[in-house]
Amino acid sequence: MSKHVQQLDRVVIRIAGDSGDGMQLTGDRFTSETASFGNDLSTLPNFPAEIRAPAGTMAGVSSFQLHFADHDIVTPGDRPDVLVAMNPAALKANIKDIPDGKDVIVNTDEFTTRNLSKVGYDSNPLEDDSLSRVRIHPVPLTSMTVEALKDFDLGKKDAQRSKNMFALGLLSWMYNRPTADTEAFLLRRFAKQPVIAHANLAAFKAGWAYGETTESFSVSYEVAPAPVQPGTYRTITGNKALALGLTAAAQRAELPLFLGSYPITPASDILHELSALKSFNIATFQAEDEIAGVAAALGAAFGGALGVTTTSGPGISLKSETIGLAVSLELPLLIIDVQRGGPSTGLPTKTEQADLLQTMYGRNGESPLPIIAPKSPGDCFDAVIEAVGMALTYRTPVILLSDGYLANGSEPWEVPNVSELPDLRVEFATEPNGDDGTFQPYKRDPDTLARPWAIPGTKGLEHRVGGIEKANITGEISYDPDNHDMMVKLRQAKVDGIAQTYAPTEIDDPTGDAKVLALGWGSTYGPILAGVRRVRHDGGKIAHAHVRHMNPLPSDLGDILRRYDTVVVPEMNLGQFALLLRAKYLVDIQSYNKVRGLPFGATELGELFASIVKEAQSDD
Amino acid sequence: MSKHVQQLDRVVIRIAGDSGDGMQLTGDRFTSETASFGNDLSTLPNFPAEIRAPAGTMAGVSSFQLHFADHDIVTPGDRPDVLVAMNPAALKANIKDIPDGKDVIVNTDEFTTRNLSKVGYDSNPLEDDSLSRVRIHPVPLTSMTVEALKDFDLGKKDAQRSKNMFALGLLSWMYNRPTADTEAFLLRRFAKQPVIAHANLAAFKAGWAYGETTESFSVSYEVAPAPVQPGTYRTITGNKALALGLTAAAQRAELPLFLGSYPITPASDILHELSALKSFNIATFQAEDEIAGVAAALGAAFGGALGVTTTSGPGISLKSETIGLAVSLELPLLIIDVQRGGPSTGLPTKTEQADLLQTMYGRNGESPLPIIAPKSPGDCFDAVIEAVGMALTYRTPVILLSDGYLANGSEPWEVPNVSELPDLRVEFATEPNGDDGTFQPYKRDPDTLARPWAIPGTKGLEHRVGGIEKANITGEISYDPDNHDMMVKLRQAKVDGIAQTYAPTEIDDPTGDAKVLALGWGSTYGPILAGVRRVRHDGGKIAHAHVRHMNPLPSDLGDILRRYDTVVVPEMNLGQFALLLRAKYLVDIQSYNKVRGLPFGATELGELFASIVKEAQSDD
Amino acid sequence: MTEVMIGMPKVGGLDGVPTSSEKLTRKDFSSDAEVRWCPGCGDYAILAAFQGFLPELGIARENVVMISGIGCSSRFPYYVDTFGMHSIHGRAPAIATGLAATRPDLSVWVITGDGDALSIGGNHLIHALRRNVNLKILLFNNRIYGLTKGQYSPTSEVGKVTKSTPVGSLDTPFNPVSLALGAEASFVARTLDSDRKHLTSVLTAAAEHNGTALVEIYQNCNIFNDGAFEILKNPDTRDEAMIRLEHGEPLIFGVKRKRAVVQSGFGFEVVDVDDNLDPESIVRHDAHCEDPAYAFALSRLSGSDLAHTPMGIFRQVKRPTYDSSLQTQLHAAIDQGPNDLQELLRGK
Amino acid sequence: MTEVMIGMPKVGGLDGVPTSSEKLTRKDFSSDAEVRWCPGCGDYAILAAFQGFLPELGIARENVVMISGIGCSSRFPYYVDTFGMHSIHGRAPAIATGLAATRPDLSVWVITGDGDALSIGGNHLIHALRRNVNLKILLFNNRIYGLTKGQYSPTSEVGKVTKSTPVGSLDTPFNPVSLALGAEASFVARTLDSDRKHLTSVLTAAAEHNGTALVEIYQNCNIFNDGAFEILKNPDTRDEAMIRLEHGEPLIFGVKRKRAVVQSGFGFEVVDVDDNLDPESIVRHDAHCEDPAYAFALSRLSGSDLAHTPMGIFRQVKRPTYDSSLQTQLHAAIDQGPNDLQELLRGK
Ligand SMILES: Cc1ncc(C[n+]2csc(CCOP(=O)(O)OP(=O)(O)O)c2C)c(N)n1
Ligand SMILES: Cc1ncc(C[n+]2csc(CCOP(=O)(O)OP(=O)(O)O)c2C)c(N)n1
Ligand code: SF4
Ligand code: SF4
Ligand SMILES: [Mg+2]
Ligand SMILES: [Mg+2]
C-alpha cells in the first residue's frame, strides 16, 4: 500500500505512559533521530517525583514532548499534534492538551476495565464518543509487540517491555525519521544482552512496518531539515551543557576542578556527568549534605582548585551561610542552582524561577555576588564559562541560575571550537605585595578590586583569612566601625564593577518603533521569543530583550526600559525580576506570573503580548 | 568642702576598660540608679567578640554608654560628656568621641610605660599636652581602691578587682545618684562571699567620698527626674523584653511555650532568660544546631505548643530551609532574628539591619511570611506579642527582626497591665470539616485564609502534611500545575491579607506641611526621632514615620510616601528597606546608609535631615 | 492534651499514651493515599508489617504520629492513617524531638532512609540517641539513594559503582549499629523487610522501649540496588549468614545450627559447633548489658558483605529520657512557681 | 602544586608534603597577631606546645594549613604563622576535606571545640572519620561553650548548671572517643592541655598518621568551666585518675602504680595491684588492634567524672584514605584518557 506523504513545517509530538514504560528513553531516541535528520528541535521531559509509581495510576504518568521544524524554533511547543498514550492514565492526564482534530495513538491493550477504573473512567473513552473531537488511532501495541517477538527466547513480560520501541518505530515511520542511529543505539545499549537488543530492534521494525501497512494510518509526514549555519551540531540538555562547560572552563583555566555536591533533583545529573570526566582532572565529591558540598568546594578553592557546587533551591538555602563565608573570604567559587518548584520540597521535578531573590539576598548581612542565568539548554555552556571567568577574575562566589526546564530540555547545539573559548588562566600570587615586604591578603587590584589568590604551598605568603570582619589590605581582624563600613561598600563595589565587562544589551526591535518591550531572563527566553514572533507575524510591533546578568544588572538596562511605554516581564514566579527592576529603575513593570511548574506556552505569551500591544496602540 | 552643684538637662557618660574590668556591670548599676532616680534614659553597651582579650590591649576594650535626662530622650547619645577610662587602651579607643572641653577621668595607675606602649602611645598622653582639648581628671583608681580595702582580708589582686565600684561611687557622687539600690545589689550579688560584698561596698563608698573631698572635682551635677506618665516603670533591654513578651504571649494564648534554640550572639540571652521561666510552662531546648532548633520548634507547633526559635543572621541562613517547610505546612511558628554585623561571622557583637532581605527572600521558591520589627528595647515586648498573635491567627511562621542594639540597649519601660494584653487564645480543630465528614487539613478560613490547626491526639482528625505541594483543601500531594499556581498565590494572599489588621500608619508632622519625610524601621527609630527633633528645634519642617510591619507593608504607606517631595530612609545596611519601598511604590527614596556596627548618632541624622530639608526648601 | 502532661517519668515507651477504646485493625491504619513505590519495593512489606503491628499496641490511633524526612522510604507516613508529617531531608529526628518533648501522650515514630538519617541527617540522629528522646526511629537501609535515582549512600559498600561513582565509591560505610552505640544509644536493633515476624517483634520491643529506639531495617530497592540483602534472604545462604539475637539465648546459627559465636579478645568470632567446642564458651546474648562495649563488639561481626550478620536487638537498656526529664523539670517549676505573670512583668 | 599530585598512595600522613630547607623554630610558627584568649585559658598551653612541636616535623611551613570553625579555640589559626582559615561554626572538617582531597602536598589541621565539632559540626566530623581523609582534627574539649559565654555543651556532664540550664542540663553527653570509634575512626587519641610532653607525643603520632586523626584535648576554660579537668591535673588525684596508654605496655597506673586494668566481659575493670592479681591478666595496650571493639571498650572506662580516664592513643590503624584513593582514581583516569576537550565537546 503506498501512502500519502504530507509536508509539514513543524510538528509537536508527545509520548506518555507509565514511569516504567521507558517514555524518556523513547523520547530521547526520537529526538536523536530528529537531530540527525537536521530539524531544529526543542524538548520537554515531564515526569513525577516518584521513581516508578504503581503501573496505570495517574501519579505514575511520565511524558516527553518534542517540537521539531524545518525552521528555527525556540520552545518545545504548546499543544501536541500527536499524542501517544500507552495506557488510560496517560490518556487521561494528557488529552486535555490535545487540540481538536489532532492524532491520538492509544495502546488499546491497556484499556481494560481494571485499568480504566483505576483512573476513574466509568466507561471506555475509546468506545463512547467522548473523544470524537480528536482522531483516535487504536493500536494494540502490547500484543503486537509480543506477537512480533514470539520467536525470541523471552518471557511475555520481557517481550512486553519492548512496546516502547514498537511505538517508536511507528512514530519514526509516521515522520519519516532515519533509523540507523536508533538501531545502532539499541545494539550498543544492550551489548551484553544480545537477545534483548535484537528483540527491541525487532519491535522497532515491527512498529515501522505496522505504520507502513495498516490502514489506520493513511498519511505519513515529512518535515524538511532546517537551514543551519555551518558547523558541527549535537543535541544537548542544559545539565549536560553545564558539565561540558565546566570541563571546558577548568581546562581553559588550567586548573583542576573540584565538585562538592549532594544529589538533588534536578541538579544530580551534573554530578553524574562530571563524575565520569575524571580524565579531565575533575574530582567529584559526593558530600554528606549540601553544606559539606559547598564547604569542601570552598576548601578546594582555598587550595587553588576551581571549586564548584551544584544543587537546587533547598540546597541553596542550606548552603547560604557558607556562601556568605565565601563572600567574606573573597575566593573564587561557582554555585549552580538548578531551580525547581517551591517552596520547601514543592514540585521537585518541575521547573520554576523562584530562587532569584533567594540567590540575591539569602545570606546574612550585606553579601553581594554576581548571578548569571542561561537562556536555553545550549546556552548553559557559555553561561557557565562566563561565570567561571568572573569567579576567577573577581575572586568571588558566583551563582549560576538554571532551572528544571533547561536542565532536562534539549536543543541542537553548535559545538564550539576549543581554541575560540576564552583563556581563563589566572595568576596565583607568588610574591609578597606589601610595601614592607609582607603579604597583604586584602590588598586589591585597583581595576577589579579583587584580592590576591595566594595558595598554600607558596613560601612567604603564609596568611590567615576568616569570616570575621577584617581590615582592608592587611586582612587582620578588625572591629573598627569605619573599616566595616568601607569593607561592606568595597565588597558591593567590586561586584557592581563587573557590569563594566558586559557587552551592550541586545534589543530585538525590527521596526525600531515598538512601544512595548517584552523582557525576560533565564529559561523564559524561548517562550517569550516565540510569543514575540507571533505578535510580529500578525503585524504587531514589539521589542524583545533578554537579561542574562541578574546581578549586577547591565548598566544600559535602565535607559532601555525607559524607552518603552510598557515593559512586560513574564516570570515563572510572583515577579522577582520585576521587583529588582522596579526598585532599581523606578519603572512600572507589567508582570505576568504563572507558577505552574511548566514553561510558558508560546500561544499564551503571544496572546498576552498581542493584547498589551493592542492596548499600547489604543493609548495613542 | 562644700561643692558647687550644677543643673543639667541631660548627660551622656561612657565608661571604658578591659573586658575583665566589669564595665558592663558598672554601666548596669549606674543605669539602675539613674532609673530609680526617675530620669529618662537610654544605654549602649559595646564590647568585643572575645570573652576577655588580654588586659590592656585595644582588642579587649569594653565600654558602656548611658544617656539620661530630665526629659524624654530616644538615643544613648552621640558623644559623651564624661568618659571614664580605666587604662590607656580604653582612653585611646574612646578619646576621639569626646568633644572639646568635656571631662575625662583616667585611672592613672594603669598608665605605665608597658601599658602605654602596648597600645602604641609613645609618650604618656596625660603628661604631654595631646589631650589639652579635654578636661583630664587623673585619679589613681586602682591604688586608692586597694588603699580603701586594706583592712579587708583580701589579696591585692582581689582588692584591685573592686576598682570598678570605686569608679561607680565617684560617678554616683558626680551625678548625685541614689545609692541604696547599688548597696542592696552588692549584698545580694555576693551573698555567698560576704567579704567580697563588703569590699565592693567599701570601694563604692570610697569612690563617693573621694569625689566629695578631692579638689580635682569642683562641681557635681544634678539632672532632674523626667516627667512621666503615671505607671510602674522598669529599665529593660530588648532581649529581656522579648523574653517577657514571649512569656506573656504564651500565657495569654494559654499554650505551653517551646523554645528550640542554639546559642548565638547577640540572641543567646533570650534563651537564658526563658530557661529560667520554666514555672510559666516554658520549655527550652538547647539544640545541636540552628536547624534542629527551628525543627524542634516546628515539631512542637505541630503538637499544639507555641513554637519559637531565636537566633542571629548566620542562624537564619541555616534555618531557612526549615522555615520554608513551615510556610508550606502553614503552622504557627515564631522566629526571632537579632541582627548583628555581617556578612558571615562579621561583627558578632555589633548591631546592623542587614537581614531584612534575607528574612524576606532567603528561602527557595515563593515563600512569603510576615515580618515585624520593634523600634526600641521596650517595644520588643509589644512587637513579639503581636508577632505571636499573627502566627496563631494566620497559621504561619512569623519573623521578628530585632538587632544587637535593641538586644543589649535599655530604656525605661512601663509595665503593662496583664489584663489589658490581647487575648491570644486559639481554637484547635476538634471536628471533621469536610462536607463528607472527612477532615480537610487545607480547607481555609474564608477571612484569614488560615487552615485548621488540628493537633495529634484529636480523634477523627488524623491527617498527613508535608513539604511537597499539596492540593488546596484536601492537602493531598498534588503535582497539578494549576493547583500549584493557586497555592503559590494563596500563600501570598494569606500573608498580604494581614495588612488589614494594622492600625493606620502614624505620621508625626506637627506643622502638617513638611516636604520631607524621615522614614525608618527597627532600631533606627530613636536616632531618627532625635535627628528630626533637632531639625524642628532649629525651625525646620520635617515629618517622621516609622514602619514596624516590614511584611506585608501597611496599605496606606504608598499614599503617605507620595505625599512628600523627599523621603529619606536611614538604614544600617545598604538600603534594603529602600529597595522594598522603591519596588513596591515606585517612589524615589533617598537612602542614607552607614554600616558601622553602631547606631546612628542624633547629630549625624540631624545634620543630614537639616541639609535635606534645606534643599527641599530651596527647590521651591 | 495537657491532661497527660503530668510530669511523671515514664517507665515504658507507651506510658501515658491513651489506649484505644475500640479494637483497631490493620485497616484502621491504612490511609486512602495511593501507594507510590515501585512495584516490588521492600517498602511495601515493611508497610504491611507496620500496619499489622500497630493495632496490637492497643493505643489510640490519633495518638500515633509518624514523622519522616525525604526519600522513597520517607513517603511512608502518607500511607498510615495516623497523624503524620513528611518533612524535609534529614530533619525528622529534630522535628520529632520537639514533638515528643512537649507531648508525652504521643507515640512518635521517625521514618528515615540511609541517606536521610546517616548522610544529611547524621547529626540529628546521633543527638537524638544521646538525649534518649522517646522516639522510635525506623531506618530503611537499602544502601542506596532511591528517590534521587541511585547514588551511593553512607551504607554502600566501598567500590560501589553508581551514577555518581562510575569507577567505584571510596568511602568506608557507616555501620549504623556501631554508630548508634558510639552515640550512647539505649536501644538498637536490626531487622529485615521480608521477615515479617522478626520485624514485628523488633517493632514491638521498640515501641515499648522508653527512649530513642533505632531500628535498622534492611530493605531491598529492586530498582537501584536489587539483591543487596540477598544473602540474608536466599534460602541457600541465609542460615549461614544470619545470626538471630534473642536475649538470654546462646548465639548459635547456621545450617543445622552448626555455627556459634564465641568471644575472642574484646570481640567475637564465629566457630563451628563440633565436639571440640565447649558449649559454655558460646556467648549468650545479653541485650541488657550495661556496658555498650558488648553490643558494639557484636556489631563488628558483620562487614559490608553481611557474611555473619546479627539480626535482632543488640542493646536495650534503661536510662533517663530527655522528654521525661524535661517534663519533670517543667512540672516541678510550675508547681513551685512563681506563676504570676503580672509580678513577673513588674520584675519584683 | 601539581608536581606532587602524582596520585601515589601515601603511607605516612606527611608523605608528599615538602620538607623545609631551613631548620625552623617555634618563632617561625608564631604570627604577629595579638592573642586574644582570657588570661589563664588552657588554649595558651596548647598553642605553645603546638608551635613548639611543628618545627619538629621538618615540613615546609607554607605547606601547613590550619582550618578552624568558630569558638574560642577556633581562633587558634590566627596565632600560627602558616596558611589558615577561620571559617564558620562546625564546618571546618568539610572545608578541610575539600582542601586535603585536592592537595596531597599539604599537612592539614582542623582546630575545633566541643561545641563546634560535636554540636553543630557533628555530622561533618563523623563523615570525615569514616572517609579517613588525611586531616588532623584537634578537638579542644572544655566541656562548655566558651565564646558564647558559657552554655553547656555536648560533653558537659548531666545536671550541669549553666546560663541555658539554670536547673541542670538533661542530655547525656557524648564520649568523643566512643563516638569517633563508632564512626570508623582510624586514629583516636586523648590528651591534656597542661601536659606538654604528652600533648606533643600525641600530636606527633597524629601528624604522621595517614588518614583522619581525632585528638581530643581536655582544655580548661578558667572563665566558664574552671577546674573541669582538675582531677587529672591535681597532684593529689591525677595519678589515681589518669591511665596512660602506651602501645604494648600493660595498663598500670595509680599512686605507686597500684592500680591496673583487666578485662571483664567485653569491657574493662580497674583492680588493685596486689598479690592476688595475676600480672598476666593486666591488659597490654594494643593501639593497633584491628577490631575497634577493643578501643571502644577502653573508651567506656571513663565516665563524666573522669575517675579512670585513659589518656593517649586509643586506636591507630592503617586503612585506605579518601584523598589518596581519589587521587589514584583521578590519575589513573588522566593517564588513560580521554583528554581531548574538543573531542569531548563534539560528543564522539
Ligand atoms: C535538602 C535536600 N537535599 C537533597 C534532596 C534530594 N534527596 C531526596 S531523597 C535523597 C536521598 C534519599 O536516600 P535515602 O534517605 O536512602 O532514601 P531512599 O530513597 O533510599 O528510601 C536526596 C539526596 C532533598 N530533597 N533535599
Ligand atoms: C552558625 C553559628 N551558630 C552559632 C554561633 C555562635 N557560637 C560561636 S562559638 C559557639 C560555641 C563555642 O563552643 P566550642 O565549640 O566548645 O568552643 P569554645 O569557645 O568552648 O572553645 C557558638 C554557639 C555561630 N558563631 N555561628
Ligand atoms: S527506587 Fe527503590 S527504594 Fe525507591 S520506591 Fe523504587 S524500589 Fe523502592
Ligand atoms: S572563655 Fe574560656 S575558653 Fe574562651 S578564651 Fe576565655 S578561658 Fe579560654
Ligand atoms: Mg536509601
Ligand atoms: Mg568548648
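Because only heavy atoms are used, hydrogens play no part in the values below, and waters and symmetry mates are left out as well, while side chains stay in. Order of the sequence lines fixes the chain letters, A, B, ..., with proteins taken first and strands second; residue numbering starts at 1 for each chain. These figures come from a predicted structure and were not determined experimentally.
No more than 12 heavy atoms of other residues, nucleotides or ligands sit less than 6.0 Å from atom CD of B/Glu431. Residue B/Asp423 qualifies as enclosed at atom CG: its count of foreign heavy atoms under 6.0 Å is above 12. Atom CG of C/Asp335 has more than 12 heavy atoms from other residues, nucleotides or ligands within 6.0 Å.
Contact of the C/Tyr78 side chain with the B/Ile477 side chain is registered, since non-hydrogen atoms from C-beta on lie closer than 4.5 Å. Within the 4.5 Å cutoff, no side-chain heavy atoms of C/Asn63 are placed close to those of B/Pro456. Between C/Arg103 and B/Ile455 there is a side-chain heavy-atom pair separated by less than 4.5 Å. B/Ile468 places a side-chain heavy atom less than 4.5 Å from the side chain of C/Arg75. Proximity of C/Ile334 to B/Phe280: side-chain heavy atoms (C-beta onward) are nowhere separated by under 4.5 Å. Using a 4.5 Å heavy-atom cutoff, the side chains of B/Arg464 and C/Val80 are not in contact. Under the 4.5 Å side-chain criterion, counting only non-hydrogen atoms from C-beta, C/Glu62 is not in contact with B/Thr458. Counting only heavy atoms from C-beta outward, the side chains of C/His124 and B/Ile291 approach each other to under 4.5 Å.
Residue contact with chain B, scored on non-hydrogen atoms closer than 4.5 Å, involves the backbone of C/Asp340 exclusively. Heavy atoms of C/Leu330 lying under 4.5 Å from chain B belong to its backbone as well as its side chain. Only the side chain of B/Val415 has a heavy atom closer than 4.5 Å to any heavy atom of chain C. Heavy atoms closer than 4.5 Å to chain C are found in both the backbone and the side chain of B/Pro416. Only the side chain of B/Leu329 comes within contact range of chain C, with at least one heavy atom under 4.5 Å from a heavy atom of that chain. Only the side chain of B/Asp289 comes within less than 4.5 Å of a heavy atom in chain C; its backbone stays farther off. Only the side chain of C/Ser21 comes within contact range of chain B, with heavy atoms under 4.5 Å apart. With a threshold of 4.5 angstrom between heavy atoms, C/Arg61 approaches chain B through its backbone and through its side chain. Contact of C/Leu341 with chain B is made through backbone and side chain together, with heavy-atom distances under 4.5 Å. Neither the backbone nor the side chain of C/Gln336 comes within contact range of chain B, judged by heavy atoms closer than 4.5 Å. For B/Thr284, the part sitting under 4.5 Å from any heavy atom of chain C is the backbone (N, CA, C, O) and nothing else.
The two residues C/Val65 and B/Phe302 come nearest to each other via the heavy atoms CG1-CE2, 3.8 Å. Among all heavy-atom pairs drawn from C/Ala101 and B/Phe258, the shortest one is CB-CE1, 4.2 Å.
The choice from B/Arg252, B/Glu321, B/Glu476, B/Gln251 that makes the most heavy-atom pairs within less than 4.5 Å of chain C is B/Glu321. In terms of non-hydrogen atom pairs under 4.5 Å with chain B, the most contact-rich of C/Leu106, C/Asp81, C/Ile126 is C/Asp81. Annotation: maximal heavy-atom pairing with chain B below 4.5 Å, among C/Arg91, C/Gln329, C/Arg131, occurs at C/Arg131. In terms of non-hydrogen atom pairs under 4.5 Å with chain B, the most contact-rich of C/Ile88, C/Ile67, C/Thr97, C/Ile70 is C/Ile88. Residue with the most contacts toward chain B among C/Met66, C/Glu34, C/Arg36: C/Arg36 (heavy-atom pairs, distance under 4.5 Å). Chosen from B/Trp413, B/Phe381, B/Phe285, the residue pairing most often with chain C at heavy-atom distances under 4.5 Å is B/Phe285.
Taking OG from B/Ser279 and NE2 from C/His331, the interatomic distance works out to 12.5 Å, rounded to the nearest 0.5 Å. Here CG of C/Leu345 is found 6.0 Å from CG of B/Leu244. Values are rounded to the nearest 0.5 Å. Distance CD1/C/Ile95 to CG/B/Leu325: 5.5 Å, rounded to 0.5 Å.
Under a 4.0 Å N-O distance rule, the pair C/Arg130/B/Glu288 does not qualify as a salt bridge.
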